[in-house]
Amino acid sequence: MKPSRHLWGSLLVGALAALIALLFNNDYYLRIIFMMCVYYLCAVGMNVLVGFAGQKSLGQAGLFAAGAYTVALLTTRWDLNPYLALAAAPIVAGACGVLIALPSLRVKGPYLAMVTLAFGTVIEKIISEWTEVLGGTQGIYGIKPLTLSGAPFTNQQWVWFCIALCLVVHLLLRNLVLGRYGRALQSLQADEIASASVGVRVYRAKVIAFVIAAVTCGLAGALVAQQNQYINSDFITLNLSVFILLLVLFGGAGSLIGPFVGAVLLTLIDAALSQWPAAQHFVYGALLLFALYAMPNGVAGLAARWLKSKGSTEAPREALGSDAIAELSHAGHPAANEVPLLEAAKISKAFGGVRTAQEVSFKLRHGHIHALIGPNGAGKSTMINMITGVLGPDSGRITLDGVNITSSEIHAIASSGVGRTFQNLRLFADLSVLENVLLGRHSQMTNGLWTSLLALPSAKRQEAAARNYAYVVLDLMGLTALAHEPAGSLAYGLQRRVELARAMATHPKLLLLDEPAAGLNPQETAELGKLISSLSKLGITILMVEHHMDLVMSISDHVIVLDYGVLIAEGTPAQIQCSPRVIEAYLGAEVMT
């Protein structure tokens with residue numbers, strides 16, 4: 001949906017909710033609408049963490065408590081203005097989110113959920129036991145509510161205020177997740193190494209997701225405390241954390257409307273079950289299982305499939321001209337440059353007793369196609385992984401344009417101009433072809449978190465420029481017609497090409513291809529050879545690990561041969577074909593006939 005249409009649609013939903021609050025001026029109904037808003041705030045931030053970043057958390061009750069007790073203490077003990085206390089609550093909760101994220105993100109999967117669960121349990125215990133400050137089960141009374149003209153908000157005004165707050169939060173987070181940061185977060189749950197290889201700072205992105213979830217949950221907790229003018233330990237339970245997770249999973253994780261659907265439906269169910277408290281846990285457990293197994297995309301996923309069946313609304317684009325493709329060029333690095341683009345000096349690596357690299361040294365010249373060959377287990381992919389930072393060498397030095405990158409992180413190496421593909425495909429399968437290629441532009445975009453959140457003109461310009469560049473790459477790769485297809489749904493050969501397109505979108509000066517022809521038929525291999533040659537003519541230096549000797553010998557300018565981690569030969573394809581050591585180790589006498 002276009003941004004303007006989404007804006008007007010959101011405003012319409014908000015206006016309808018405000019009108020309902022006006023027409024049904026009943027405290028019970030107003031309370032239900034108020035809690036829908038509260039749960040929506042919890043869910044919309046949790047959706048960023050779970051639906052986009054793929055990080056499961058069961059500690060949201062503790063963050064809810066951080067916001068609630070912040071306004072409670074600030075307004076009762078320090079007599080702070082209630083609006084200032086409300087503004088402080090999400091800041092304190094966000095700080096708590098950072099404290100959770102730093103240790104939690106050292107683990108993954110169920111262990112991450114267990115660590116966050118432990119945090120929630122600790123917070124619950126602190127609240128119930130630290131009675132001198134937090135009141136325990138007796139709680140804190142006299143919390144200052146929000147006021148209008150000196151009078152506390154009525155229930156109706158609380159609903160209107162929360163609706164406006166939900167609209168603002170929704171639009172801000174929509175700006176974030178539909179741009180550079182949203183793509184980065186989605187890439188995390190697919191493949192963190194592939195994500196880092198296009199320049200995404202994986203750990204930082206996870207922390208951002210945790211903080212967003214914490215801020216919105218803390219804001220929700222503050223609203224509940226101020227509206228009730230009371231908070232105690234009964235509000236902060238494991239059930240709340242499970243319920244917040246259920247809001248996202250049932251509504252539709254990763255969907256913009258999922259948190260809204262989950263908040264509305266589950267608040268109504270919660271209200272209906274309020275007369276039978278014993279049945280609540282059973283129903284919530286059943287709904288959670290239903291959401292996980294029977295409807296993994298949630299209620300919103302059903303609508304998404306229907307909308308997808310209507311087809312993409314974006315008009316097909318025409319092929320771009322040679323002037324546009326020139327944007328990919330690295331003409332500033334002439335092939336005759338005597339200074340090597342990359343130099344590996346005495347690189348060694350061992351895994352236990354297996355030495356996959358033994359003082360290997362070589363140089364890559366600007367604009368040349370280099371091939372790295374050798375028998376299986378020779379250490380070729382290990383060398384690629386050491387150049388890109390996936391593995392660190394035990395000794396030796398790797399320099400790129402004279403800069404030491406030996407100990408650099410994956411995202412930093414990618415940002416410095418090194419693109420790569422993988423031996424085994426590492427696409428973001430659930431994202432479209434266009435989104436995969438746009439992720440390749442991540443490291444080249446400079447719009448920060450706040451400019452993206454506020455959708456400032458600079459962020460819009462960068463997003464537009466990134467899309468144009470992505471279409472240039474897609475045109476070069478012959479993938480323009482498939483731009484909106486899920487990358488994982490394509491044939492294997494096309495998926496290989498999409499991965500190469502994603503690497504090219506990083507605007508690399510050095511492109512590392514790890515067995516790019518693996519699994520391709522002879523025709524596809526020949527087309528790949530022509531494509532790689534055309535990329536080299538753009539001034540891009542290429543290092544290719546490959547077992548197809550006909551491809552290697554036909555397009556390479558320089559060949560490097562490894563055998564059991566030892567560099568045994570390097571030179572032109574003709575020199576390598578005539579090397580007795582290479583023939584003995586790998587190529588065989590047939591190559592000479």
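This chain uses plain numbering: 1 for the first residue, then up along the sequence.
Residues L256 and N47 fail the side-chain proximity criterion, which asks for heavy atoms closer than 4.5 Å. Side-chain contact check for E124 versus S233: every heavy-atom pair is 4.5 Å or farther apart. You'll find the side chain of Y40 stays beyond 4.5 Å of the side chain of L247, heavy atoms only. In this structure, the side chains of W160 and L22 come closer than 4.5 Å at one or more pairs of heavy atoms. When side chains are defined from C-beta on, V207 counts as touching Y203, because their heavy atoms get closer than 4.5 Å. Within the 4.5 Å cutoff, the side chain of V71 has no heavy atoms near those of the I231 side chain. Contact of the I127 side chain with the Y69 side chain is registered, since non-hydrogen atoms from C-beta on lie closer than 4.5 Å. Considering only heavy atoms from C-beta on, V200 stays 4.5 Å or farther from H411 through its side chain.
Note on ring orientation: taking the six-membered ring where Trp is involved, the planes of H170 and H6 are parallel (angle under 30°, cut-offs 30° and 60°).
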Report task. Evaluate the criterion side chain to side chain donor-acceptor pair (under 3.5 Å) for residue pair N447 and S458; output intermediate values, then yes/no. Result -> CA-CA 7 Å; N447 51 303; S458 59; over 6 Å; no
Query - Step-by-step side-chain contact (heavy atoms from CB on, under 4.5 Å) determination, K144 to Q226 - result: CA-CA 6 Å; K144 287 185 179 180; Q226 289 187 307; 5.6 Å; no
Query raised in the report: How far apart are the C-alpha atoms of F161 and L165, what are their side-chain angles, what is the distance that settles it, and do they pass the side-chain contact (heavy atoms from CB on, under 4.5 Å) test?
Result: CA-CA 6 Å; F161 178 79; L165 203 56; 4.1 Å; yes
Requested in this report: Evaluate salt bridge (Lys or Arg N to Asp or Glu O under 4.0 Å) for E463 paired with R441, printing each intermediate quantity in order.
Outcome: CA-CA 10 Å; E463 185 69 19; R441 296 301 298 159; over 6 Å; no
Query raised in the report: Are T147 and Y83 close enough, and set up right, to give a side-chain contact (heavy atoms from CB on, under 4.5 Å), and what steps lead you there?
Result: CA-CA 9 Å; T147 60; Y83 286 97; 4.2 Å; yes
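If you take CG on L427 and CD on Q495, they are separated by 5.5 Å, rounding to the nearest 0.5 Å. Between L49 atom CG and S57 atom OG the span is 6.0 Å, to the nearest 0.5 Å. Note that CZ of F153 and CG of L223 are 10.0 Å apart. Values are rounded to the nearest 0.5 Å. A distance of 11.0 Å separates CG in N239 from CD1 in I244, rounded to the nearest 0.5 Å. To the nearest 0.5 angstrom, L431 atom CG is 7.5 Å from S187 atom OG. Atom-to-atom distance recorded for T116:OG1 and M114:CE is 10.0 Å, nearest 0.5 angstrom.
The list of side chain to side chain donor-acceptor pair (under 3.5 Å) pairs with a residue in residues 127-136, not counting sequence neighbours, is empty.
With ring centers used as reference points, Y39 lies under 6.0 Å from F243.
Donor-acceptor pairing under 3.5 Å is lacking for the side chains of Q444 and T506. Side chains of Q227 and R31: a donor-acceptor N/O pair is present below 3.5 angstrom, by distance only. For the residue pair N385 / R420, a side-chain donor-acceptor distance below 3.5 Å is found, with atom types taken as modelled.
For the pair R426 and F422, the cation-pi criterion (under 6.0 Å, within 45° of the ring axis) is fulfilled. A cation-pi arrangement, defined by a distance under 6.0 Å to the six-membered ring centre and an angle within 45 degrees of its axis, is present between R502 and F428.
The side chain to side chain donor-acceptor pair (under 3.5 Å) check on T137 picks up nothing, with sequence neighbours excluded.
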